[in-house]
*Asks:* 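Once you've had a glance at the structure underneath, I'll fire off some questions.
Along the sequence shown, residues are numbered consecutively beginning with 1.
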Amino acid sequence: MHHGDPRHDGPSSAPPGSRYHQQARNGRQGALGRIGEFLLMLLLVAAGPVLAFVVVMVAGYAAGLKSAGDDGDRVFTDPLADQAAGLAALAVGIPVVLLVVRWCCRRPAGTVSSVRGRLRWGWLGRCAAVAFPLLALQLGLLIAWEWVAEGTGSDGFAFPGWPSFLLAVTVIGVLVPFQAAAEEYVFRGWVTQFCGGFLRSPWPGVVVGSLLFALAHGLGQVSGFALLVYSAMWWGWLVIRTGGLEAVIAVHTANNVLTFWLAAAAGQLSDTSTAADAPWPALVLEAVFAPAYCLIVARLAKRHRIEDRSSPTAIEARPAGAMAPGHERP
């Protein structure tokens, strides 16, 4: 019997005062447990989206959507349905991370969201209010740059009509936040905290997560890969600075929603390129806008006293044997 022993009474949090990357330091997991967590995460991240995509694909066929046939880059002939299937499949990353953390690390799943043990919705809204206009400006400047440099004008622009466009706006607006959040939970959340479970500095986790994030978008152009790593490094810093994923979920969602909406307006949803294919002008603009967003949000976090460390009352009390801040094992 273990009544009253916090080691056996459910999930336990890291010690009060722990930073975001230290949330796995709850004294409940040894070396073998970390290996098991890593292997389970690897399995579910690989298999989860595939299984989810199969389910979505079957549901689509049952609903009467037509197969794309021999087109290896697409499943459905309808480009919106095809994009929706991919977005829905990626969203499975959220429950995968939360379940792995709860089962293997035996800590509250919400500690991946923030040091408060949950998503701070008001803070997420403030970040989104900064992200959407700032990224709309960035996207507008990129379009203007390409028009001036290449003289593309409206070539390739084919507005699909208001009914189709509004449907696309709705579907994208619903699904993209989950897809963007899933990528943040995996690369800025779980990777950072897994590495922080046995390393003092948050930077190894930030670097590893940034490289994996870039690789997950495929091997496109050098400019695209550099853009992804660069922005991911800034986002990783912002997660540690603000103590949670809200700010990066907001900017990732804004980036993807605006990009998809523009593609829908231009009738280009069938385009299979990703951020890995971004041209050099996009990298130049990202070099300015990524730090601009992160520094603005960091200043807002200071003004609104957003916690970057866990407090004694934020989550459950730590169990006996959990390491105090400043006394972590290397």
Side-chain angles (χ1 to χ4, degrees), residues 1-45 47-48 91-124 178 181-200 202 205-206 209 239-240 242-249 306-329:
M1 301 291 290
H2 300 284
H3 296 297
D5 184 351
R7 290 179 179 272
H8 300 274
D9 289 344
S12 299
S13 63
S18 298
R19 302 187 72 187
Y20 181 81
H21 70 288
Q22 299 170 324
Q23 294 304 303
R25 292 175 173 260
N26 62 353
R28 300 289 298 275
Q29 191 180 48
L32 289 178
R34 294 188 194 284
I35 294 173
E37 178 184 355
F38 175 80
L39 293 176
L40 180 61
M41 187 67 180
L42 194 64
L43 173 64
L44 293 182
V45 164
V92 78
I94 297 175
V96 163
V97 169
L98 299 181
L99 289 172
V100 167
V101 163
R102 177 63 182 83
W103 289 343
C104 297
C105 204
R106 291 180 288 179
R107 60 183 169 105
T111 54
V112 187
S113 300
S114 79
V115 295
R116 289 287 297 174
R118 58 177 175 80
L119 272 178
R120 298 166 293 189
W121 291 102
W123 174 235
L124 177 61
F178 292 99
E183 293 184 15
E184 295 309 317
Y185 270 89
V186 173
F187 298 111
R188 243 73 60 195
W190 180 81
V191 172
T192 299
Q193 292 185 343
F194 179 79
C195 294
F198 55 89
L199 297 173
R200 290 179 181 273
V206 170
V239 167
I240 304 302
T242 60
L245 296 177
E246 298 91 350
V248 293
I249 289 174
I306 300 300
E307 296 160 297
D308 63 352
R309 297 173 184 269
S310 57
S311 64
T313 58
I315 322 173
E316 301 140 278
R318 65 186 177 98
M323 295 170 284
H327 295 85
E328 304 93 340
R329 298 188 185 97

*Asks:* Quick one: does Leu98's side chain get under 4.5 Å of Trp103's, heavy atoms only?
*Replies:* no
*Asks:* Do Ser12 and Arg106 touch side chain to side chain, with heavy atoms closer than 4.5 Å?
*Replies:* no
*Asks:* With sequence neighbours excluded, what pairs up with Ala24 under the side chain to side chain contact (heavy atoms under 4.5 Å, CB included) test?
*Replies:* Cys105, Arg107
*Asks:* Under the side-chain hydrogen bond (donor to acceptor under 3.5 Å, both in side chains) test, which residues partner Ser113, sequence neighbours left out?
*Replies:* Tyr185
*Asks:* Rounded at 0.5 Å granularity, tell me how far CG in Leu245 sits from CH2 in Trp123.
*Replies:* 13.0 Å
*Asks:* Let me confirm one number: the CG-CD1 distance from Leu99 to Ile94, rounded to the nearest 0.5 Å.
*Replies:* 11.5 Å
*Asks:* Looking at residues at least two apart in the chain, or sitting in another chain, which of them share a side-chain hydrogen bond (donor to acceptor under 3.5 Å, both in side chains) with Trp190?
*Replies:* Glu37
*Asks:* Less than 4.5 Å apart, any side-chain heavy atom of Ile249 and any of Leu119?
*Replies:* yes
*Asks:* Any idea which heavy atoms bring Pro16 and Ser311 closest together, and the distance?
*Replies:* CB-C, 4.1 Å
*Asks:* Measure the shortest side-chain to side-chain distance between Tyr20 and Thr242 over non-hydrogen atoms and say whether it is less than 4.5 angstrom.
*Replies:* no
*Asks:* So do the side chains of Arg309 and Val115 get within less than 4.5 Å of each other, counting heavy atoms only?
*Replies:* no
*Asks:* Testing Arg116, Arg120, Glu184 one by one against Glu246 for a side-chain contact (heavy atoms from CB on, under 4.5 Å), which residue passes?
*Replies:* Arg120
*Asks:* Does any non-hydrogen side-chain atom of Val239 lie less than 4.5 Å from one of Thr192?
*Replies:* no
*Asks:* Is the shortest heavy-atom distance from the side chain of Gln29 to the side chain of Cys104 under 4.5 Å?
*Replies:* yes
*Asks:* Arg19: which residues meet the side-chain hydrogen bond (donor to acceptor under 3.5 Å, both in side chains) condition with it, sequence neighbours left out?
*Replies:* none
*Asks:* With rounding to the nearest 0.5 angstrom, report the OG to CZ distance, Ser13 to Arg28.
*Replies:* 10.5 Å
*Asks:* Please round to the nearest 0.5 Å and tell me the distance separating atom CG of Leu199 and atom CZ of Arg25.
*Replies:* 7.5 Å
*Asks:* So, does Gln193 use its side chain to make a donor-acceptor pair with the main chain of Val101 at under 3.5 Å?
*Replies:* no
*Asks:* Using a 3.5 Å distance criterion without hydrogens, assess whether the side chain of Ser310 forms a donor-acceptor pair with backbone atoms of Ser18.
*Replies:* yes
